[in-house]
Amino acid sequence: MQQWSPEKIKAFQTTLLTWYDREKRDLPWRKDHAPYHIWVSEIMLQQTQVQTVIPYYQRFMATFPTVADLATAPEGELLKAWAGLGYYSRVRNMQKAAQQIMDDYQGDWPQTAAELEKLAGIGPYTAGAIASIAFNEPVPAVDGNAFRVFARLFEIDADIAKPQTRQLFYNVIKEVIATDRPGDFNQAIMDLGSSYMTAKNPDSAHSPVRDFNQAYLDGKELDYPVKSKKPRPVPVNYFALVIKTPTGYLFEQRPRTGMLGELWTVPLLKWSDLAENAADLLLPDLVTLVTQQFTENTQIKLALGLLGGRPVTHTFTHQKWLITLLYAELAVTPELSYFPGKVVAPADFATIAQPKVQLKIWQRFEQISEH
DNA sequence: CACGCGTGGGG
DNA sequence: TCCCCAAGCGT
(Lines give C-alpha, C1' and ligand atoms only; values in the text may rest on other atoms or scores of the structure.)
Protein backbone atom coordinates (compact mmCIF):
# COMPACT_ATOMS: atom_id res chain seq x y z
CA MET A 1 0.00 0.00 0.00
CA GLN A 2 1.27 3.44 -0.94
CA GLN A 3 1.30 6.88 0.63
CA TRP A 4 -0.07 10.06 -0.97
CA SER A 5 1.58 13.47 -0.69
CA PRO A 6 -0.47 16.45 0.55
CA GLU A 7 -0.48 17.78 -3.02
CA LYS A 8 -1.83 14.53 -4.41
CA ILE A 9 -4.53 14.43 -1.72
CA LYS A 10 -5.61 17.96 -2.59
CA ALA A 11 -5.68 17.15 -6.30
CA PHE A 12 -7.78 14.04 -5.62
CA GLN A 13 -10.32 16.00 -3.56
CA THR A 14 -10.65 18.69 -6.21
CA THR A 15 -11.03 16.19 -9.03
CA LEU A 16 -13.58 14.10 -7.14
CA LEU A 17 -15.73 16.99 -5.91
CA THR A 18 -15.70 18.76 -9.27
CA TRP A 19 -16.98 15.58 -10.87
CA TYR A 20 -19.57 15.15 -8.10
CA ASP A 21 -20.85 18.70 -8.48
CA ARG A 22 -21.39 18.05 -12.17
CA GLU A 23 -22.62 14.44 -12.18
CA LYS A 24 -24.17 13.64 -8.81
CA ARG A 25 -27.33 11.58 -8.95
CA ASP A 26 -30.62 13.32 -8.28
CA LEU A 27 -32.05 11.20 -5.48
CA PRO A 28 -35.13 11.87 -3.32
CA TRP A 29 -33.06 12.03 -0.11
CA ARG A 30 -30.63 14.52 -1.60
CA LYS A 31 -33.14 17.38 -1.76
CA ASP A 32 -31.94 18.65 1.61
CA HIS A 33 -29.64 17.66 4.48
CA ALA A 34 -32.30 17.02 7.12
CA PRO A 35 -30.93 14.34 9.44
CA TYR A 36 -34.25 12.47 9.41
CA HIS A 37 -34.17 12.20 5.62
CA ILE A 38 -30.52 11.16 5.54
CA TRP A 39 -31.09 8.65 8.32
CA VAL A 40 -34.13 6.92 6.79
CA SER A 41 -32.42 6.65 3.42
CA GLU A 42 -29.20 5.28 4.92
CA ILE A 43 -31.03 2.60 6.89
CA MET A 44 -33.03 1.56 3.82
CA LEU A 45 -29.89 1.51 1.69
CA GLN A 46 -28.10 -0.96 3.97
CA GLN A 47 -27.43 -3.97 1.76
CA THR A 48 -30.13 -2.73 -0.59
CA GLN A 49 -29.90 -1.14 -4.02
CA VAL A 50 -30.92 2.44 -4.80
CA GLN A 51 -33.59 1.49 -7.34
CA THR A 52 -35.26 -0.77 -4.79
CA VAL A 53 -35.19 1.88 -2.08
CA ILE A 54 -36.64 4.87 -3.95
CA PRO A 55 -40.34 3.88 -3.91
CA TYR A 56 -40.11 2.64 -0.31
CA TYR A 57 -38.46 5.90 0.74
CA GLN A 58 -41.17 8.00 -0.86
CA ARG A 59 -44.01 6.01 0.71
CA PHE A 60 -42.26 6.01 4.07
CA MET A 61 -41.86 9.78 4.10
CA ALA A 62 -45.49 10.29 3.13
CA THR A 63 -46.58 7.98 5.97
CA PHE A 64 -44.10 9.07 8.66
CA PRO A 65 -43.04 12.63 7.80
CA THR A 66 -41.12 13.34 11.01
CA VAL A 67 -39.11 11.49 13.62
CA ALA A 68 -41.96 12.18 16.07
CA ASP A 69 -44.43 10.39 13.77
CA LEU A 70 -42.08 7.44 13.57
CA ALA A 71 -41.60 7.29 17.34
CA THR A 72 -45.36 6.91 17.96
CA ALA A 73 -46.36 4.81 14.93
CA PRO A 74 -48.18 1.50 15.55
CA GLU A 75 -45.76 -1.35 14.90
CA GLY A 76 -48.10 -2.99 12.38
CA GLU A 77 -48.04 0.15 10.23
CA LEU A 78 -44.26 0.25 10.40
CA LEU A 79 -43.87 -3.33 9.28
CA LYS A 80 -46.33 -2.80 6.42
CA ALA A 81 -44.26 0.16 5.23
CA TRP A 82 -41.18 -2.06 5.29
CA ALA A 83 -42.67 -5.31 3.97
CA GLY A 84 -40.67 -6.51 0.96
CA LEU A 85 -37.52 -4.57 1.81
CA GLY A 86 -36.03 -7.30 3.98
CA TYR A 87 -33.86 -7.21 7.12
CA TYR A 88 -36.92 -6.33 9.17
CA SER A 89 -35.05 -5.64 12.41
CA ARG A 90 -33.92 -2.45 10.69
CA VAL A 91 -37.34 -0.85 11.02
CA ARG A 92 -37.85 -1.96 14.62
CA ASN A 93 -34.46 -0.51 15.54
CA MET A 94 -35.38 2.65 13.68
CA GLN A 95 -38.45 3.15 15.83
CA LYS A 96 -36.36 2.51 18.95
CA ALA A 97 -33.90 5.18 17.81
CA ALA A 98 -36.76 7.60 17.08
CA GLN A 99 -37.99 7.08 20.64
CA GLN A 100 -34.45 7.60 21.97
CA ILE A 101 -34.24 10.90 20.08
CA MET A 102 -37.59 12.06 21.44
CA ASP A 103 -37.03 10.87 25.03
CA ASP A 104 -33.27 11.15 25.60
CA TYR A 105 -32.52 14.11 23.32
CA GLN A 106 -35.83 16.03 23.51
CA GLY A 107 -36.29 15.67 19.77
CA ASP A 108 -32.94 17.29 18.93
CA TRP A 109 -30.59 15.08 16.95
CA PRO A 110 -27.15 14.31 18.39
CA GLN A 111 -24.71 15.80 15.90
CA THR A 112 -21.55 13.73 16.15
CA ALA A 113 -20.79 10.24 14.85
CA ALA A 114 -19.81 9.10 18.35
CA GLU A 115 -23.20 10.15 19.78
CA LEU A 116 -25.18 8.88 16.79
CA GLU A 117 -23.68 5.43 17.24
CA LYS A 118 -25.50 5.14 20.57
CA LEU A 119 -28.83 5.04 18.73
CA ALA A 120 -30.39 1.68 17.90
CA GLY A 121 -29.53 0.42 14.45
CA ILE A 122 -26.86 3.06 13.82
CA GLY A 123 -23.40 1.53 13.49
CA PRO A 124 -20.10 3.04 12.40
CA TYR A 125 -21.05 3.44 8.74
CA THR A 126 -24.46 5.05 9.27
CA ALA A 127 -23.13 7.28 12.05
CA GLY A 128 -20.40 8.52 9.71
CA ALA A 129 -22.85 9.10 6.88
CA ILE A 130 -25.33 11.11 8.97
CA ALA A 131 -22.62 13.05 10.82
CA SER A 132 -20.83 14.03 7.61
CA ILE A 133 -23.86 14.71 5.38
CA ALA A 134 -26.26 16.30 7.85
CA PHE A 135 -23.80 17.88 10.33
CA ASN A 136 -20.63 18.42 8.32
CA GLU A 137 -18.40 16.39 10.62
CA PRO A 138 -15.22 15.30 8.78
CA VAL A 139 -15.56 11.55 9.44
CA PRO A 140 -15.34 8.68 6.94
CA ALA A 141 -18.44 6.67 6.02
CA VAL A 142 -16.98 3.25 5.32
CA ASP A 143 -19.46 1.17 3.34
CA GLY A 144 -19.00 -1.42 0.61
CA ASN A 145 -18.35 1.32 -1.97
CA ALA A 146 -15.64 2.92 0.15
CA PHE A 147 -14.00 -0.47 0.69
CA ARG A 148 -13.93 -1.15 -3.03
CA VAL A 149 -12.90 2.33 -4.18
CA PHE A 150 -10.07 2.79 -1.68
CA ALA A 151 -8.87 -0.81 -1.99
CA ARG A 152 -8.28 -0.06 -5.67
CA LEU A 153 -6.91 3.47 -5.29
CA PHE A 154 -4.31 2.32 -2.75
CA GLU A 155 -4.04 -1.38 -3.63
CA ILE A 156 -5.08 -2.39 -0.13
CA ASP A 157 -5.20 -6.18 0.08
CA ALA A 158 -6.70 -6.62 3.56
CA ASP A 159 -9.78 -8.90 3.58
CA ILE A 160 -12.80 -6.60 3.72
CA ALA A 161 -14.96 -9.44 5.05
CA LYS A 162 -13.03 -9.27 8.32
CA PRO A 163 -14.37 -6.76 10.88
CA GLN A 164 -10.93 -5.53 11.90
CA THR A 165 -10.23 -4.33 8.34
CA ARG A 166 -12.70 -1.45 8.80
CA GLN A 167 -10.27 0.44 11.05
CA LEU A 168 -7.53 0.27 8.41
CA PHE A 169 -9.80 1.81 5.77
CA TYR A 170 -11.13 4.37 8.26
CA ASN A 171 -7.58 5.55 8.91
CA VAL A 172 -6.74 5.81 5.21
CA ILE A 173 -9.92 7.73 4.38
CA LYS A 174 -9.43 10.04 7.37
CA GLU A 175 -6.21 11.21 5.71
CA VAL A 176 -7.77 12.02 2.34
CA ILE A 177 -11.30 13.19 3.22
CA ALA A 178 -12.12 16.77 2.21
CA THR A 179 -12.60 18.33 5.64
CA ASP A 180 -14.45 21.32 4.20
CA ARG A 181 -17.01 19.11 2.38
CA PRO A 182 -17.03 15.73 4.16
CA GLY A 183 -20.63 14.85 3.27
CA ASP A 184 -20.12 15.51 -0.42
CA PHE A 185 -16.82 13.65 -0.32
CA ASN A 186 -18.42 10.53 1.19
CA GLN A 187 -21.34 10.64 -1.22
CA ALA A 188 -19.02 11.18 -4.17
CA ILE A 189 -17.14 8.00 -3.21
CA MET A 190 -20.47 6.13 -3.18
CA ASP A 191 -21.47 7.52 -6.58
CA LEU A 192 -18.05 6.58 -7.93
CA GLY A 193 -18.42 3.07 -6.52
CA SER A 194 -21.75 2.60 -8.23
CA SER A 195 -20.73 4.03 -11.61
CA TYR A 196 -17.12 3.87 -12.84
CA MET A 197 -15.76 1.73 -10.03
CA THR A 198 -18.33 -1.05 -9.79
CA ALA A 199 -17.51 -4.52 -8.53
CA LYS A 200 -18.00 -6.38 -11.80
CA ASN A 201 -17.70 -4.24 -14.90
CA PRO A 202 -15.74 -1.17 -13.88
CA ASP A 203 -15.03 1.53 -16.45
CA SER A 204 -11.96 3.03 -14.88
CA ALA A 205 -10.60 4.17 -18.21
CA HIS A 206 -13.25 6.92 -18.17
CA SER A 207 -13.34 7.45 -14.43
CA PRO A 208 -12.67 10.99 -13.20
CA VAL A 209 -10.10 9.56 -10.76
CA ARG A 210 -8.47 7.19 -13.23
CA ASP A 211 -5.00 8.61 -12.65
CA PHE A 212 -5.32 8.03 -8.88
CA ASN A 213 -6.41 4.40 -9.30
CA GLN A 214 -3.20 2.45 -8.70
CA ALA A 215 -4.83 -0.96 -9.20
CA TYR A 216 -6.15 0.14 -12.60
CA LEU A 217 -2.82 1.67 -13.58
CA ASP A 218 -1.19 -1.66 -12.72
CA GLY A 219 -3.81 -3.65 -14.64
CA LYS A 220 -4.90 -5.39 -11.45
CA GLU A 221 -8.21 -3.65 -10.80
CA LEU A 222 -10.28 -6.80 -10.49
CA ASP A 223 -7.92 -8.17 -7.83
CA TYR A 224 -9.39 -5.57 -5.44
CA PRO A 225 -11.04 -5.54 -3.01
CA VAL A 226 -9.96 -8.82 -1.42
CA LYS A 227 -12.97 -10.50 0.14
CA SER A 228 -13.25 -14.01 1.56
CA LYS A 229 -16.18 -16.10 0.40
CA LYS A 230 -19.27 -16.94 2.41
CA PRO A 231 -20.83 -20.40 2.64
CA ARG A 232 -23.69 -21.13 0.26
CA PRO A 233 -27.26 -21.22 1.60
CA VAL A 234 -28.24 -24.56 3.11
CA PRO A 235 -31.48 -26.15 1.85
CA VAL A 236 -34.35 -26.34 4.37
CA ASN A 237 -37.62 -28.13 3.64
CA TYR A 238 -40.96 -26.70 4.77
CA PHE A 239 -44.65 -27.38 4.41
CA ALA A 240 -46.90 -24.38 3.88
CA LEU A 241 -50.43 -24.99 5.11
CA VAL A 242 -53.00 -23.20 3.00
CA ILE A 243 -56.14 -23.52 5.10
CA LYS A 244 -59.35 -22.08 3.73
CA THR A 245 -62.28 -21.28 6.01
CA PRO A 246 -65.64 -19.73 5.15
CA THR A 247 -64.30 -16.30 6.16
CA GLY A 248 -60.74 -16.40 4.78
CA TYR A 249 -57.36 -18.09 5.13
CA LEU A 250 -55.39 -18.98 8.24
CA PHE A 251 -52.33 -16.80 8.94
CA GLU A 252 -49.85 -16.77 11.79
CA GLN A 253 -47.47 -14.12 13.01
CA ARG A 254 -43.84 -15.15 13.24
CA PRO A 255 -42.00 -14.71 16.54
CA ARG A 256 -40.38 -11.35 17.25
CA THR A 257 -36.87 -12.79 17.06
CA GLY A 258 -35.42 -14.75 14.18
CA MET A 259 -36.16 -14.67 10.51
CA LEU A 260 -39.04 -12.53 9.24
CA GLY A 261 -39.79 -11.46 12.81
CA GLU A 262 -43.42 -10.43 13.39
CA LEU A 263 -44.42 -10.74 9.76
CA TRP A 264 -47.46 -12.79 8.74
CA THR A 265 -47.42 -16.04 6.78
CA VAL A 266 -49.63 -19.08 6.40
CA PRO A 267 -48.54 -21.75 8.90
CA LEU A 268 -45.06 -23.01 7.97
CA LEU A 269 -43.74 -26.30 9.32
CA LYS A 270 -40.10 -27.28 9.04
CA TRP A 271 -39.72 -30.96 8.10
CA SER A 272 -36.97 -31.42 10.66
CA ASP A 273 -39.38 -30.27 13.39
CA LEU A 274 -41.87 -32.99 12.44
CA ALA A 275 -39.59 -35.94 13.19
CA GLU A 276 -35.96 -36.70 13.91
CA ASN A 277 -35.72 -38.78 10.76
CA ALA A 278 -37.86 -36.54 8.55
CA ALA A 279 -35.28 -36.71 5.78
CA ASP A 280 -35.78 -40.48 5.52
CA LEU A 281 -39.58 -40.41 5.38
CA LEU A 282 -41.82 -40.46 2.33
CA LEU A 283 -43.99 -37.48 1.53
CA PRO A 284 -47.34 -39.13 2.45
CA ASP A 285 -45.94 -40.08 5.87
CA LEU A 286 -44.75 -36.54 6.43
CA VAL A 287 -48.20 -35.22 5.53
CA THR A 288 -49.71 -37.54 8.12
CA LEU A 289 -47.28 -36.16 10.71
CA VAL A 290 -48.21 -32.58 9.82
CA THR A 291 -51.88 -33.35 10.20
CA GLN A 292 -51.35 -34.99 13.60
CA GLN A 293 -49.03 -32.28 14.91
CA PHE A 294 -51.08 -29.34 13.70
CA THR A 295 -54.24 -30.85 15.15
CA GLU A 296 -52.55 -31.51 18.49
CA ASN A 297 -51.14 -28.01 18.76
CA THR A 298 -54.17 -26.07 17.60
CA GLN A 299 -57.22 -28.27 18.22
CA ILE A 300 -58.12 -27.58 14.59
CA LYS A 301 -59.01 -30.84 12.85
CA LEU A 302 -57.45 -31.07 9.40
CA ALA A 303 -57.43 -33.44 6.48
CA LEU A 304 -54.56 -32.07 4.43
CA GLY A 305 -54.16 -32.65 0.74
CA LEU A 306 -50.86 -32.39 -1.10
CA LEU A 307 -50.83 -29.75 -3.83
CA GLY A 308 -48.88 -30.83 -6.87
CA GLY A 309 -45.87 -29.35 -8.59
CA ARG A 310 -42.33 -28.65 -7.51
CA PRO A 311 -41.77 -26.83 -4.25
CA VAL A 312 -41.87 -23.05 -4.01
CA THR A 313 -38.26 -21.92 -3.50
CA HIS A 314 -37.00 -18.82 -1.77
CA THR A 315 -33.33 -18.10 -1.11
CA PHE A 316 -32.17 -16.06 1.87
CA THR A 317 -28.57 -15.16 2.67
CA HIS A 318 -27.98 -18.36 4.63
CA GLN A 319 -30.89 -20.65 3.77
CA LYS A 320 -32.70 -21.87 0.72
CA TRP A 321 -36.29 -22.78 1.58
CA LEU A 322 -38.04 -25.52 -0.39
CA ILE A 323 -41.72 -25.21 0.41
CA THR A 324 -44.27 -27.91 -0.37
CA LEU A 325 -47.87 -26.69 -0.35
CA LEU A 326 -50.59 -28.51 1.57
CA TYR A 327 -54.26 -27.61 1.42
CA ALA A 328 -57.29 -28.02 3.63
CA GLU A 329 -60.78 -26.57 3.49
CA LEU A 330 -62.73 -26.17 6.70
CA ALA A 331 -66.54 -26.16 6.72
CA VAL A 332 -66.65 -23.72 9.62
CA THR A 333 -64.25 -21.04 10.83
CA PRO A 334 -62.47 -22.67 13.79
CA GLU A 335 -62.07 -21.37 17.34
CA LEU A 336 -58.61 -19.84 17.30
CA SER A 337 -57.97 -19.75 21.03
CA TYR A 338 -55.20 -22.36 20.67
CA PHE A 339 -53.72 -20.83 17.54
CA PRO A 340 -51.46 -17.76 17.56
CA GLY A 341 -52.91 -16.38 14.39
CA LYS A 342 -56.02 -15.21 12.65
CA VAL A 343 -58.24 -15.72 9.65
CA VAL A 344 -57.71 -13.12 6.90
CA ALA A 345 -59.91 -12.65 3.85
CA PRO A 346 -58.04 -12.05 0.58
CA ALA A 347 -59.58 -8.58 0.43
CA ASP A 348 -57.81 -7.78 3.71
CA PHE A 349 -54.36 -9.13 2.82
CA ALA A 350 -53.04 -5.57 2.57
CA THR A 351 -53.76 -5.02 6.27
CA ILE A 352 -51.00 -7.40 7.39
CA ALA A 353 -47.26 -7.22 6.69
CA GLN A 354 -46.23 -10.18 4.54
CA PRO A 355 -42.70 -11.12 3.45
CA LYS A 356 -41.87 -11.95 -0.16
CA VAL A 357 -41.78 -15.67 0.52
CA GLN A 358 -45.44 -15.53 1.58
CA LEU A 359 -46.35 -13.67 -1.62
CA LYS A 360 -44.63 -16.45 -3.58
CA ILE A 361 -46.61 -19.10 -1.71
CA TRP A 362 -49.85 -17.29 -2.44
CA GLN A 363 -49.00 -16.82 -6.13
CA ARG A 364 -48.36 -20.53 -6.48
CA PHE A 365 -51.60 -21.39 -4.70
CA GLU A 366 -53.57 -19.11 -7.00
CA GLN A 367 -51.94 -20.69 -10.05
CA ILE A 368 -52.87 -24.15 -8.84
CA SER A 369 -56.44 -23.25 -7.90
CA GLU A 370 -57.15 -21.80 -11.35
CA HIS A 371 -56.86 -25.31 -12.79
C1' DC B 1 -15.39 -12.53 16.19
C1' DA B 2 -18.67 -15.23 13.42
C1' DC B 3 -22.86 -15.49 12.33
C1' DG B 4 -27.86 -14.39 11.48
C1' DC B 5 -30.62 -11.51 9.01
C1' DG B 6 -34.18 -10.39 2.97
C1' DT B 7 -34.43 -9.24 -1.40
C1' DG B 8 -33.48 -8.15 -6.29
C1' DG B 9 -30.37 -7.83 -10.14
C1' DG B 10 -26.69 -9.28 -13.21
C1' DG B 11 -23.16 -12.37 -15.24
C1' DT C 1 -29.24 -22.45 -11.65
C1' DC C 2 -25.87 -20.63 -9.07
C1' DC C 3 -22.94 -17.17 -7.50
C1' DC C 4 -21.83 -12.62 -6.16
C1' DC C 5 -23.08 -8.18 -5.12
C1' DA C 6 -25.75 -3.85 -2.81
C1' DA C 7 -25.25 2.92 1.16
C1' DG C 8 -24.47 -2.92 7.69
C1' DC C 9 -25.93 -3.91 12.34
C1' DG C 10 -26.73 -6.62 16.62
C1' DT C 11 -25.41 -10.26 19.32
Side-chain angles (χ1 to χ4, degrees), chain A residues 24-25 27-30 37-57 79 82-94 96-97 116-130 132-133 140-149 159-167 169 183 185-195 197-202 222 225 227-236 254-263 265 310 313-322 353-360:
Chain A
K24 68 180 171 192
R25 288 174 290 178
L27 299 168
W29 46 88
R30 286 185 175 173
H37 297 161
I38 305 302
W39 174 49
V40 172
S41 70
E42 291 299 343
I43 300 295
M44 287 187 169
L45 285 161
Q46 289 171 8
Q47 305 292 289
T48 310
Q49 295 182 347
V50 167
Q51 291 312 314
T52 304
V53 164
I54 288 174
Y56 279 92
Y57 176 83
L79 281 170
W82 209 267
L85 253 192
Y87 287 145
Y88 297 97
S89 64
R90 287 185 292 178
V91 71
R92 285 192 294 272
N93 282 330
M94 214 163 45
K96 259 187 230 163
L116 287 162
E117 247 189 275
K118 296 178 183 171
L119 300 173
I122 297 186
Y125 162 72
T126 307
I130 299 172
S132 64
I133 299 170
V142 190
D143 71 333
N145 287 304
F147 275 129
R148 184 171 58 259
V149 168
D159 183 355
I160 67 168
K162 300 230 175 295
Q164 61 194 38
T165 303
R166 164 178 300 279
Q167 188 62 44
F169 278 78
F185 181 93
N186 285 332
Q187 292 181 92
I189 295 298
M190 297 179 210
D191 278 18
L192 202 54
S194 57
S195 57
M197 295 184 69
T198 50
K200 284 190 180 162
N201 292 309
L222 293 180
K227 187 178 185 182
S228 53
K229 284 186 197 168
K230 295 192 175 160
R232 50 181 294 178
V234 292
V236 184
R254 296 180 59 81
R256 183 181 189 80
T257 55
M259 292 185 62
L260 310 175
E262 294 196 315
L263 276 78
T265 67
R310 56 197 167 69
T313 63
H314 188 79
T315 305
F316 301 93
T317 310
H318 295 287
Q319 295 177 8
K320 177 176 182 175
W321 286 9
L322 302 153
Q354 302 176 39
K356 289 290 178 183
V357 63
Q358 170 57 36
L359 301 183
K360 281 192 191 175

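Because the structure is predicted, anything quoted here is derived from the model rather than measured. Residue numbers begin at 1 in each chain, while the letters A, B, ... track the order of the sequences.
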Any side-chain N or O of [X] less than 4.0 Å from the OP1 or OP2 oxygen of [N]?
| X | N | value |
| --- | --- | --- |
| A:Gln164 | B:dC1 | yes |
| A:Thr126 | C:dC9 | yes |
| A:His318 | B:dG4 | yes |
| A:Arg90 | C:dG10 | no |

Original post:
Would you say the side chains of A:Tyr125 and A:Glu42 form a donor-acceptor pair under 3.5 Å?
Top reply: yes
Taking only the [atom1] atom of each, what is the distance from [N] to [M] in whole angstrom?
| N | M | atom1 | value |
| --- | --- | --- | --- |
| C:dA6 | B:dC1 | P | 22 Å |
| C:dC4 | B:dC3 | P | 16 Å |
| B:dG8 | C:dC9 | P | 22 Å |

Subject >> Salt-bridge criterion met for A:Lys24 and A:Asp191 (N-O under 4.0 Å) >> reply: no
Atom pair distance, as rounded to whole Å: [atom1] in [X] and [atom2] in [N]:
| X | N | atom1 | atom2 | result |
| --- | --- | --- | --- | --- |
| A:Asn93 | C:dT11 | CG | C1' | 11 Å |
| A:Lys320 | B:dG6 | NZ | C1' | 16 Å |
| A:Met197 | C:dA6 | CE | C1' | 16 Å |

**OP:** Any chance you could encode DNA chain B as dot-bracket? Rule is Watson-Crick or G-U wobble with both distances under 3.5 Å; [ ] for pairs crossing earlier ones, | for another strand.
**Re:** .||||.|||||
Show each protein N/O and nucleotides 7-11 of chain B N/O combination with a separation under 3.5 Å, one pair to a line.
residue, atom, partner, partner atom, Å
B:dT7, OP1, A:Tyr88, OH, 2.7
B:dT7, OP1, A:Lys356, N, 2.9
B:dT7, OP2, A:His314, NE2, 2.8
B:dG8, OP1, A:Lys356, NZ, 3.0
B:dG8, N2, A:Gln49, NE2, 3.2
B:dG10, N2, A:Lys200, NZ, 3.2

